[in-house]
K.L.:
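Here it is: the structure, laid out below.
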Amino acid sequence: MKDLGNQHYQYDMNGTKVILSGNNERHGVISLTRPEFNEEIVQSESTFLLNIYRLTSRGEFRGLARKEPFSVSNANESGITLQFPQTEVHPLNMEAEYAVHNDSVIDLTVSIEAKQELEDYEVFISSYMHGSFEPYVILPIWPGKEADEDMLLYKVEDQPLLKGYYLYFPRDDKAAHALFDGRWIDRTKDQRIIEAVAGPMYGKPIAIMSNGHLSIIQMAETEECPGTLVTYSSDDQSDPIYRHHATYFSLFGSDLTVGEKRQTRIRQVIRAGKPDLQDVLELYEQFTKDSSVQSV
């Protein structure tokens with residue numbers, strides 16, 4: 001680990017370089033480079049991967065995590081930990097631990113402790129990638145199917161039915177409803193912050209961005225992931241949805257009582273080449289079975 005100053009920390013492993021940041025301008029993974037891809041994977045100098053983004057509860061946008069006070073409580077050879085103390089708009093203590101396990105795997109563990117009762121509290125995680133990367137998700141081949149052999153690797157592409165909308169893949173009906181319960185409305189303008197449609201239920205809470213040379217596979221724990229949201233690939237490079245090249249994960253999404261503690265993880269795995277369904281499912285099984293990291 002190399003301390004770059006301004007709460008930036010660099011990790012070099014086998015030609016892979018990761019920079020983690022813990023300041024209010026950008027936090028999370030602010031730089032990622034790999035030998036297989038000679039450009040910066042993080043989209044721009046103002047974006048990031050695995051960033052703590054929107055904080056919402058039932059019918060209400062509460063705030064942006066980066067605009068609330070937080071600090072780096074620990075930085076070492078394996079990663080950094082951010083502490084978000086209780087505030088008026090964010091009435092709970094939150095910890096975000098970024099662990100760089102090796103040149104392919106980064107885990108983000110989010111822990112919360114409620115300081116007041118909260119309804120359907122949700123922490124949104126965002127990632128924005130290089131313009132060559134296109135989105136994939138894991139869907140069941142038929143509604144209600146859950147077995148691995150019934151999963152489909154689906155590339156999300158522009159089409160007239162979806163044009164202008166982000167694609168939200170919920171875990172269940174309750175999660176689908178939360179997208180439209182008012183938490184995504186700007187009350188000062190009385191209009192939606194983003195336009196999104198709820199697609200079929202996800203097969204696994206996995207979002208993938210790939211350019212054929214490199215695949216970034218992000219995954220969450222089903223019990224604490226109400227939904228994933230992605231952009232689409234497109235030939236229309238002026239399309240603002242396409243230009244985001246983004247993945248988003250909703251975390252928690254359930255009622256909290258005073259003093260209640262919850263914790264969940266997101267894992268990001270880098271693979272060379274195009275995404276392969278069987279490989280992705282095996283990575284997910286490993287993630288869900290074991291809190292430690294094996295060689296991938």
K.L.:
Would you find a donor on one side and an acceptor on the other, under 3.5 Å apart, between the side chain of E113 and the backbone of N93?
P.N.:
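Here the side-chain-to-backbone pair does not exist.
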
K.L.:
Against S127, only a single residue in T247, I216, T47 fulfils side chain to side chain contact (heavy atoms under 4.5 Å, CB included); can you say which?
P.N.:
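Exactly one option meets the side chain to side chain contact (heavy atoms under 4.5 Å, CB included) with S127, and it is T247.
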
K.L.:
Could you walk me through whether Q43 and H245 pass the side chain to side chain donor-acceptor pair (under 3.5 Å) test, one step at a time?
P.N.:
CA-CA 8 Å; Q43 186 178 117; H245 302 280; 5.6 Å; no

K.L.:
To the nearest 0.5 Å, what is the distance between CD on Q263 and CD on E95?
P.N.:
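Rounded to the nearest 0.5 Å, the CD-CD separation comes to 8.0 Å.
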
K.L.:
For F61, is the NZ or CZ atom of R187 found under 6.0 angstrom from the centre of its six-membered ring and inside 45 degrees of the ring axis?
P.N.:
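Judged by the rule, R187 and F61 form no cation-pi pair.
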
K.L.:
Between M219 and Y168, is there shared hydrophobic-cluster membership here, with clusters defined by ILVMFWY side-chain heavy atoms closer than 4.5 Å?
P.N.:
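Per the 4.5 Å side-chain linkage, M219 and Y168 are not co-clustered.
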
K.L.:
Could you report the tightest heavy-atom contact between P35 and T16, atom names first, then the distance?
P.N.:
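Nearest heavy atoms, P35 then T16: CD-OG1, 3.9 Å.
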
K.L.:
Looking at every non-hydrogen atom in both residues, tell me the closest pair between A272 and L214 and how far apart they are.
P.N.:
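For A272 versus L214, the nearest heavy atoms are CA-CD1, 4.2 Å.
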
K.L.:
Between I208 and M151, is there a shared hydrophobic cluster once you connect ILVMFWY residues whose side-chain heavy atoms come closer than 4.5 Å?
P.N.:
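Both belong to a single hydrophobic cluster.
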
K.L.:
Short question: side chain of N6, backbone of H8 - any donor-acceptor pair under 3.5 Å?
P.N.:
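Checked: no pair found.
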
K.L.:
How close do Y98 and L50 get, heavy atom to heavy atom, and via which atoms?
P.N.:
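Residues Y98 and L50, closest heavy atoms: OH-O, 2.6 Å.
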
K.L.:
Under 3.5 Å, is there a donor-acceptor pair between the side chain of T264 and the main chain of S111?
P.N.:
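Not at all, since once roles are kept as given, no pair shorter than 3.5 Å links the two residues.
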
K.L.:
Identify the two heavy atoms, one from T257 and one from A114, that lie closest to each other, and give their separation to 0.1 Å.
P.N.:
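Closest approach of T257 to A114, heavy atoms only: O-CB, 3.4 Å.
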
K.L.:
Of R62, R183, R58, which meets salt bridge (charged side-chain N to carboxylate O under 4.0 Å, His left out) against E119?
P.N.:
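Considering R62, R183, R58, a salt bridge (charged side-chain N to carboxylate O under 4.0 Å, His left out) with E119 is found only for R58.
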
K.L.:
Taking side chain to side chain contact (heavy atoms under 4.5 Å, CB included) as the criterion, tell me which of V72, I30, V100 meets it with L20.
P.N.:
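Testing each of V72, I30, V100 against L20, the sole residue satisfying side chain to side chain contact (heavy atoms under 4.5 Å, CB included) is V100.
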
K.L.:
Do W184 and F124 have their ring centres less than 6.0 Å from each other?
P.N.:
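Close enough - the centres of the two rings lie under 6.0 Å apart.
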
K.L.:
Between CG of D158 and CG of L162, what distance do you get to the nearest 0.5 Å?
P.N.:
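Rounded to the nearest 0.5 Å, the CG-CG separation comes to 7.5 Å.
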
K.L.:
If the plane angle is over 60° it's perpendicular, under 30° parallel, otherwise tilted; pick one for H244 and Y128.
P.N.:
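The rings of H244 and Y128 sit tilted, inter-plane angle from 30° to 60°.
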
K.L.:
Say whether, by atom type as modelled, one donor and one acceptor occur between the side chain of N51 and the main chain of H27 under 3.5 angstrom.
P.N.:
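Yes, N51 side chain to H27 backbone: donor-acceptor pair under 3.5 Å.
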
K.L.:
Please answer: with hydrophobic residues joined when any side-chain heavy atoms are less than 4.5 Å apart, are Y232 and L229 in the same cluster?
P.N.:
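In one cluster with Y232: L229, yes.
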
K.L.:
Between Y284 and I141, is there shared hydrophobic-cluster membership here, with clusters defined by ILVMFWY side-chain heavy atoms closer than 4.5 Å?
P.N.:
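In one cluster with Y284: I141, no.
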
K.L.:
State which residue, out of L118, L251, L256, fulfils the side chain to side chain contact (heavy atoms under 4.5 Å, CB included) condition with I112.
P.N.:
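That would be L256; it is the only one of L118, L251, L256 passing the side chain to side chain contact (heavy atoms under 4.5 Å, CB included) with I112.
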
K.L.:
Can you tell me if Y53 has over 12 outside heavy atoms packed within less than 6.0 Å of its OH?
P.N.:
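Atom OH in Y53 is crowded, with more than 12 foreign heavy atoms closer than 6.0 Å.
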
K.L.:
If you take the centroid of each ring, where Trp contributes its six-membered ring, are Y248 and F169 closer together than 6.0 Å?
P.N.:
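So the answer is no for these two rings.
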
K.L.:
Measure across E40 and H130 and return the closest heavy-atom pair with its distance rounded to 0.1 Å.
P.N.:
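Heavy atoms of E40 and H130 come nearest at O-CD2, 3.5 Å.
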
K.L.:
Just jot down the side chain to side chain donor-acceptor pair (under 3.5 Å) partners of D276, sequence neighbours excluded, or say none.
P.N.:
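D276: no side chain to side chain donor-acceptor pair (under 3.5 Å) contacts found.
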
K.L.:
At their closest point, which heavy atom of P275 faces which heavy atom of L153, and how far apart are they?
P.N.:
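Looks like O-CD2, 3.6 Å.
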
K.L.:
Within a 6.0 Å radius of atom CD on E149, are there more than 12 heavy atoms belonging to other residues, nucleotides or ligands?
P.N.:
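Result for CD/E149: enclosed.
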
